[in-house]
Amino acid sequence: MTSPPRLLLVSTLGLLTIPTVDSTVAAQTIEPLGGSRLAPPRAPVEGADAPAEATKTPSGLAWKLLMKPQKGAATHPGPHDRVTIDFTGWTADGEVIDSSVPDGEPRTYSMDNLLPGLAEGVALMAKGEHRRMWIPAALAITGRPKRRGPAGPSVFDVVLVDFVVMPDPMPVPEDVDGPPVDAKRTASGLAYKIIRHGKEKVHPTVDSTVEVHYSGWTPDGKLFDSSMKRGQPAKFPLSSVIKGWTEGVQLMVVGDRARFWIPSALAYGDKPSQPGAPSGPLVFDIDLLSIH
């Protein structure tokens, strides 16, 4: 009896669980920032309404500078970069949404996984800068840090500790909605096409461990996972991934780039049992980097 397909990686995008902190921190006036660490998470004295001197953007985000960036820091994070931030966020009534302060160290997120308002604000910052942001409810929906309860206006104090420039994710394939006529098909229903041919001759086996770069999309073009986005290749046994990968990667040699159209039965199914796994048919571009 075959076991259900496993997720590709524990750390796939959108499948990470970011720990949150207790929200019972008392609301008091905020202390001035010292160094790169925020003071204990206390609600801003201005409350939920941005003061008149705050800078406002067309989206509705408002912010003010609390500490200038490091000397010479002039560049800003891009939309796919990884940012390391110290932060505390509050609801309109002063309850802590989440904070990195009790962790004892900053947290790192991908920019395109942040709350929209937070991502917009951080994209305007330089390394070492500390800002207070007033984020409207419309910009506080879906993203990190994950907030409890319904979306509403919020206030965030954020220090941009550092950021790492990441490559843009691979563009959405034009044929993501279905395999073209020149794609090859296997008896299982897997369809594939070699986009770039490597020079090696050896194929991996089901017992091999492989190192790959990959990006995965749903048929409507949504990117749900990408090692390219993380800037780090993935390494795993072929026996531990979804059936479409186990079969498909064995058709490759090192140096190949292949596109796979994987039917639902060879992916996570129409109703995945694993939280966060995408349902239905999937499309992957895979670069086989090495075989172990």
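Computed from a prediction, not measured in an experiment: that's the story for all the values here. FYI, the numbering just counts along the sequence from 1.
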Close side-chain approach of [X] and [Y], heavy atoms under 4.5 Å:
X: His213; Y: Met228; value: yes
X: Ile97; Y: Ser154; value: yes
X: Ile286; Y: Arg257; value: no
X: Val249; Y: Pro204; value: yes
X: Val122; Y: Tyr109; value: no
X: Pro219; Y: Pro281; value: yes
X: Pro77; Y: Val83; value: yes
X: Pro272; Y: Ser279; value: yes

Can you find a side-chain donor-acceptor pair between [X] and [Y] that sits under 3.5 Å?
X: Ser100; Y: Asp86; answer: yes
X: Thr108; Y: Thr84; answer: yes
X: Thr205; Y: Asp207; answer: no
X: Asp285; Y: Ser215; answer: no

As an exercise, state the distance from [atom1] of [X] to [atom2] of [Y], rounded to the nearest 0.5 Å.
X: Arg144; Y: Phe87; atom1: CZ; atom2: CZ; value: 11.0 Å
X: His76; Y: Lys127; atom1: NE2; atom2: NZ; value: 14.5 Å
X: Lys184; Y: Leu190; atom1: NZ; atom2: CG; value: 12.5 Å
X: Met111; Y: Asp81; atom1: CE; atom2: CG; value: 7.0 Å
X: His80; Y: Asp112; atom1: NE2; atom2: CG; value: 6.0 Å
X: Glu247; Y: Ile242; atom1: CD; atom2: CD1; value: 11.0 Å

Q.
Apply ring pair (Phe, Tyr, Trp, His ring centres under 6.0 Å) to residues Phe284 and Phe224 and explain how you reach the verdict.
A. CA-CA 10 Å; Phe284 284 93; Phe224 64 85; 5.6 Å; yes

What are the two closest heavy atoms between [X] and [Y], and how far apart are they?
X: Ala191; Y: Arg185; answer: CB-CG, 4.0 Å
X: Lys64; Y: Pro51; answer: CD-CG, 4.5 Å
X: Thr142; Y: Pro116; answer: O-CD, 3.6 Å
X: Lys235; Y: Thr209; answer: CG-CG2, 3.8 Å
X: Ala62; Y: Ala50; answer: CB-CB, 3.6 Å
X: Ala183; Y: Trp261; answer: CB-CZ3, 4.1 Å

Is there a chain of hydrophobic side chains (I, L, V, M, F, W, Y, each step under 4.5 Å between heavy atoms) that links [X] to [Y]?
X: Phe236; Y: Leu266; value: yes
X: Leu251; Y: Leu288; value: yes
X: Val253; Y: Ile291; value: no
X: Val172; Y: Leu223; value: yes
X: Leu114; Y: Ile141; value: no

Q) Any Lys/Arg nitrogen of Asp182 or Lys193 sitting under 4.0 Å from an Asp/Glu carboxylate oxygen of the other? A) yes

Q | Under 3.5 Å donor-acceptor, His203 side chain and Gln250 backbone | A | yes

Q.
Determine whether a donor-acceptor pair (N or O, by modelled atom type, separation under 3.5 Å) exists between the side chain of Arg107 and the backbone of Pro145.
A. no

Q. Does the gap between the ring centers of Trp245 and Tyr214 come in under 6.0 Å?
A.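 Ring centroids of Trp245 and Tyr214 are less than 6.0 Å from each other.
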
Q.
Does Glu129 form a salt bridge (charged side-chain N to carboxylate O under 4.0 Å, His left out) with Arg131? I'd like the steps, not just the answer.
A. CA-CA 7 Å; Glu129 191 172 341; Arg131 292 191 183 195; 2.4 Å; yes

Q.
Could you go through Asp287 and Arg196, starting from their C-alpha distance and side-chain angles, then the distance that decides it, and tell me whether this counts as salt bridge (charged side-chain N to carboxylate O under 4.0 Å, His left out)?
A. CA-CA 9 Å; Asp287 290 337; Arg196 184 187 65 220; 3.5 Å; yes

**Q.** Candidate pair His130 and Val158, rule side chain to side chain contact (heavy atoms under 4.5 Å, CB included), full reasoning
**A.** CA-CA 6 Å; His130 178 196; Val158 183; 5.7 Å; no

Q.
Set out, in order, the CA-CA distance, both residues' side-chain angles and the distance that settles side chain to side chain contact (heavy atoms under 4.5 Å, CB included) for Asp49 and Trp134, then state yes or no.
A. CA-CA 7 Å; Asp49 296 323; Trp134 287 264; 5.9 Å; no

Q: Begin from the C-alpha positions of Leu139 and Leu115 and carry the test side chain to side chain contact (heavy atoms under 4.5 Å, CB included) through to its verdict.
A: CA-CA 7 Å; Leu139 299 180; Leu115 290 168; over 6 Å; no

Side chains of residues 174-181: which donor-acceptor pairs under 3.5 Å do they make with residues two or more places apart or in other chains?
unit_1 : atom_1 : unit_2 : atom_2 : d
Asp175 : OD1    : Arg259 : NH1    : 3.1

Q: Please assess Lys146 against Asp98 for the test salt bridge (charged side-chain N to carboxylate O under 4.0 Å, His left out), listing each intermediate value before the final yes or no.
A: CA-CA 8 Å; Lys146 189 175 181 180; Asp98 198 0; over 6 Å; no

(Q) How about CD on Gln232, more than 12 heavy atoms from neighbouring residues, nucleotides or ligands closer than 6.0 Å, or not? (A)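 No.
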
Q. How about Lys222: does its NZ atom have over 12 heavy atoms from other parts shown lying under 6.0 Å from it?
A. no

Q: Any chance you could lay out the side chain to side chain contact (heavy atoms under 4.5 Å, CB included) test for Leu282 and Phe260, step after step, and finish with the verdict?
A: CA-CA 8 Å; Leu282 303 174; Phe260 294 96; over 6 Å; no

